[in-house]
**Q** 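First the structure, which I've put down as structure tokens, then a few questions once you've had a look.
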Amino acid sequence: MRRLLIFLVILFSLWGCSGSERLSPDHLASPPSTTTNDPLSAAVPSPTLPQENEESTFSLSVLTHHPDHDCMDGTFDKFVNVFGMYVVATPGVPLEFVEHSANVLAQYLDNDEDGVPDDQAVLDVLVDENFVVPVWAEDDREEYFTQVRGTYCEDNISMRASMYYPGDRWALGGLEAAGSWDTNLEEIWHIVSAGWYQTYPEHFDDNPGSLLANAMDAARGGQFLTLPSAYPEGSWYNYFDETCEYSCQLGEYFYWVLMANIGALDPSLTDYCDEVQDEWTICDKATLEEVDALAFDLFNRQGFNLPTNIPTGDYQSTSYLSQEPAELEPGDLTGTSSPYPTEDEKEHCGPMCWQWAPDAEDHGCGSKIDEGLALGRSIFEFEHCWAHKVYGPYVSEEETTVSREALDRESQERAQRLVDLGWNATQDAAATYFVTDDLSLDSLKIVKDGIQAGENYLGSYGPLRVYVIGSDTNATDEAIEDYCAWSYNQDQLEHCRSDQGVAIFEMAYYEGSNAFAQHSRGRHSPTQAFVIGNPLGIGGGYGSKISLHEYVHIYQGAHQLFEGADRFGLDWPIWMEEGGAEFLAVYLGDGQGWVSFEGAMEEALVTARHLRDLVPNLTIADLAENRDRVGDYCGLCIGAMQYETGQWAVALLASKTSIDAVYLEFYPLAYEHGVDTAFFLTFGLTLDEFLIEFESFMEQPFDEQIAILSTIS
């Protein structure tokens, strides 16, 4: 078998999957969830230049450029996002072959085809480390590595294996339909297996000592760190490629066991097992259980969610593949003749109701939630379930029911104190940094690049101290003490240690790459802080973009002088805060080569449009009016409203005026004039008028919406 092509990679992370991270400015770190934090981004493909093919069941969109790394665009012209991983292909590869590879990858990641990755932790590794599936010719490969020399792609894109067109075998339609072998089954598994090695090292590590390695040693008749001249009699796995060392040999073994276990080598499908008898002799699952008991036990009795079905290249999950949500016809919901609640049902659940979609349990939702919780699973494993409901139209409040306090003298005096101390003015000194001693200067550079990009455009605000946390919990002691002393008064240090100090410790303990910002307005000498974990786990460009996103929150915080401004109705809308931070981060990040502005905005628009279809009548005005009410109705849809929908609201504002107007004019005016007046002075219309205009904009065709990006400057 072709030897694995192994390339080193510096970690790259998609905080949830897809286009926008969920790094709220004033929230503490938390242990990583086993499911994605952004189900829409993971479940909705980008619509850029979809390729129609009536003969194929494939419906993932094909992009003509990589949304984040344009250094790949010179060689590849087809990019397919599969749960955050990318299949990439060169111009000479026909589309149907690219589609086939992408579908095989989807079936390896979601083998039961329920729209939810079978093992999110494994997928996170593959996405975080920027693994791609290249489909190309060998000449393309040489050209690519010449072209990307000295760019981000040289060291930060991982290509553990490749599919070569036309040299490799392609079983379009699956093994049974094609009657031939499919090299995709091997090469794509070699890529996916990297996630299994790292996620479960005790079981699958590709070095001696793991359970998988022990099984291979038994299969070869001994532990051979170098190739023997001959394998012992009775061995059933013999591999003789001298260029393939122990870990490479283990990768091939992992693949062979999987093929036998899922039945891909069954002689009734292909004669491939006969072809490889000099290397691997087990052709079916029953023989695997009889001959290779260690591997069979590892695959079938240890509780791992490994693939059990043969990928055929026609991934069928409509939940993941659909670009637009399916319209439910009357009668689709059990117990009702309409997809919306009846008047009788509304009497029991109020003016707004939802019901589980017919296929909710297929996605682990509905009654599966109660079953899972009873078995001790975390509620966070069901975050995606809000997207598997059928909602009645959201009913907007005619008048606000959220009580607002009158601005009191004490709050005014505290705000004036901040002005006198220069809280909302630029500082002479730039940010300072604290880096735990288990991290290298590379980690500091990732964060510093993002902060400095923000300072260069917005100015230096603070005093700001940035804390970069690694994965050594012992190294966090000094960081916690420094952070608490920087952010709190002396009498609050113990509270800090037991609150945000715990969050910092957990960043290291869980090796998290999350972040939070702190605006210490009430401190004797006011300060600002930003904490981020394991930036190398996020990756260079994307980590810098996240740091820039958080610096926008520092800037916003500098122009919000009222502690608890929401109590007085003096805070800007949350969609403007989060959407504004992400918009500027991807805009400036594009100029730095970290991300693609257009690609990120396209992905955000897909999510925003999908949310509007899923929850009719819900608008960002509703979110601004009563965030709790929106959350009570559709739960984690709030993320897509604050971030992706907010990004496009800010984009519309910038297209009407300029980016400078949004950031350099509006925010500085907010304290002196109030948010509403500052909005009118900056944009020439009231906030309510803009919200109406934005709703009209969101009804426009996709292409017309995308077109405004070219007008923004």
Side-chain angles (χ1 to χ4, degrees), residues 1-5 51-63 75-83 85-111 113 131-142 144 159-193 251-252 254-256 258-260 262-276 279-280 283 307 309-317 321:
M1 295 301 100
R2 184 166 70 241
R3 183 187 176 190
L4 305 185
L5 302 175
Q51 305 295 315
E52 299 294 338
N53 185 347
E54 295 182 357
E55 300 300 317
S56 174
T57 61
F58 180 88
S59 60
L60 287 170
S61 296
V62 181
L63 308 180
T75 300
F76 301 103
D77 72 337
K78 304 177 191 72
F79 301 85
V80 186
N81 183 334
V82 181
F83 290 108
M85 290 183 67
Y86 279 88
V87 174
V88 299
T90 52
V93 181
L95 182 60
E96 63 179 334
F97 288 82
V98 184
E99 293 175 342
H100 181 79
S101 294
N103 274 285
V104 170
L105 174 61
Q107 289 174 306
Y108 267 143
L109 296 173
D110 176 22
N111 198 239
E113 302 188 45
F131 278 94
V132 300
V133 177
V135 186
W136 51 6
E138 292 203 29
D139 290 345
D140 295 328
R141 186 184 71 178
E142 295 175 9
Y144 169 79
M159 298 176 178
R160 192 178 180 91
S162 295
M163 280 301 298
Y164 292 116
Y165 176 85
D168 282 329
R169 303 189 195 186
W170 302 76
L172 300 183
L175 300 182
E176 185 172 11
S180 62
W181 186 245
D182 192 344
T183 311
N184 284 275
L185 296 180
E186 176 181 359
E187 303 308 325
I188 293 178
W189 178 252
H190 284 327
I191 297 168
V192 172
S193 62
E252 295 291 341
F254 197 6
Y255 153 69
W256 283 126
L258 180 71
M259 292 301 98
I262 65 177
L265 300 174
D266 190 322
S268 67
L269 298 177
T270 76
D271 59 2
Y272 191 58
C273 198
D274 289 339
E275 294 181 26
V276 299
E279 180 177 327
W280 177 257
C283 298
N309 302 310
I310 307 169
T312 57
D314 59 346
Y315 179 68
Q316 292 294 317
S317 174
L321 295 179

**Q** Could you tell me whether the side chain of P166 reaches within less than 4.5 Å of the side chain of F97, counting heavy atoms only?
**A** no
**Q** Mind listing the closest non-hydrogen atom pair of S101 and V135 along with its distance?
**A**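 Nearest heavy atoms, S101 then V135: OG-CG2, 3.9 Å.
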**Q** Is any side-chain heavy atom of L185 closer than 4.5 Å to one of P311?
**A**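 Touching, per the 4.5 Å side-chain cut-off.
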**Q** Check V82 against L109 and note the closest heavy-atom contact, atom names and distance.
**A**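 Closest pair (atom of V82, atom of L109, distance): O-CD1, 4.0 Å.
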**Q** Are V87 and L105 close enough that some pair of their side-chain heavy atoms sits under 4.5 Å apart?
**A** yes
**Q** Taking atom types as modelled and ignoring hydrogens, do the side chains of H190 and E186 form a donor-acceptor contact shorter than 3.5 angstrom?
**A** yes
**Q** Has W170 got a side-chain atom pairing as donor or acceptor with D168's backbone, closer than 3.5 angstrom?
**A** yes
**Q** Is the shortest heavy-atom distance from the side chain of D110 to the side chain of F83 under 4.5 Å?
**A** yes
**Q** Quick one, W189 and P307 - any side-chain contact, counting heavy atoms below 4.5 Å?
**A** yes
**Q** Spell out, as yes or no, whether a donor-acceptor pair under 3.5 Å connects the side chain of S162 to the backbone of Y164.
**A** no
**Q** Donor-acceptor check, side chain of N111 to backbone of Q107, threshold 3.5 angstrom: yes or no?
**A** yes
**Q** Under the 3.5 angstrom rule, does the side chain of Y108 hit a backbone N or O of S193 as a donor-acceptor pair?
**A**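 No, the answer is negative, given that no donor and acceptor are paired below the 3.5 Å cut-off.
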**Q** Any side-chain heavy atom of L175 sitting closer than 4.5 Å to one from T312?
**A** no
**Q** Is there a donor-acceptor contact under 3.5 Å linking the side chains of D182 and H100?
**A**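 Side chains of D182 and H100: pair found under 3.5 Å.
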**Q** Can you list the steps and then say if Y255 with E187 is a side chain to side chain contact (heavy atoms under 4.5 Å, CB included)?
**A** CA-CA 9 Å; Y255 153 69; E187 303 308 325; over 6 Å; no
**Q** Taking the side chain as C-beta and beyond, is there a heavy-atom pair between F131 and V192 under 4.5 Å?
**A**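 Result no, sub-4.5 Å side-chain heavy-atom pair not found.
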**Q** Between V98 and V80, is a side chain to side chain contact (heavy atoms under 4.5 Å, CB included) present by the stated rule, with each step listed?
**A** CA-CA 8 Å; V98 184; V80 186; 4.1 Å; yes
**Q** Once salt bridge (charged side-chain N to carboxylate O under 4.0 Å, His left out) is applied, do any residues pair with E142, and if so which ones, sequence neighbours excluded?
**A**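 Partners of E142 by the salt bridge (charged side-chain N to carboxylate O under 4.0 Å, His left out) criterion come out as none, since no residue qualifies.
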**Q** For the pair E96 and K78, find out whether any cationic side-chain nitrogen is under 4.0 Å from an anionic carboxylate oxygen.
**A** no
**Q** Step by step, work out the side chain to side chain contact (heavy atoms under 4.5 Å, CB included) result for T90 and T75.
**A** CA-CA 6 Å; T90 52; T75 300; 3.7 Å; yes
**Q** Okay, side chain of D271, backbone of D274: is any donor-acceptor separation there less than 3.5 Å?
**A** no
**Q** If only atom types and distance count, is the side chain of N103 paired as donor or acceptor with the main-chain N or O of Y315 below 3.5 Å?
**A** yes
**Q** Is the shortest side-chain heavy-atom distance between F76 and Y144 below 4.5 Å?
**A** yes
**Q** E275 and W181: side chain to side chain donor-acceptor pair (under 3.5 Å), yes or no, with the steps?
**A** CA-CA 11 Å; E275 294 181 26; W181 186 245; over 6 Å; no
**Q** Atom CE in M259, atom CD1 in I310: separation rounded to 0.5 Å?
**A**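 Between atom CE of M259 and atom CD1 of I310 there are 8.0 Å.
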**Q** Within the side chain of T270, is there an N or O that forms a donor-acceptor pair under 3.5 Å with the backbone of S180?
**A**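 No; zero donor-acceptor contacts below 3.5 Å.
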**Q** Quick check: closest heavy atoms across E176 and L269, and the distance to 0.1 Å?
**A** CB-CD2, 3.8 Å
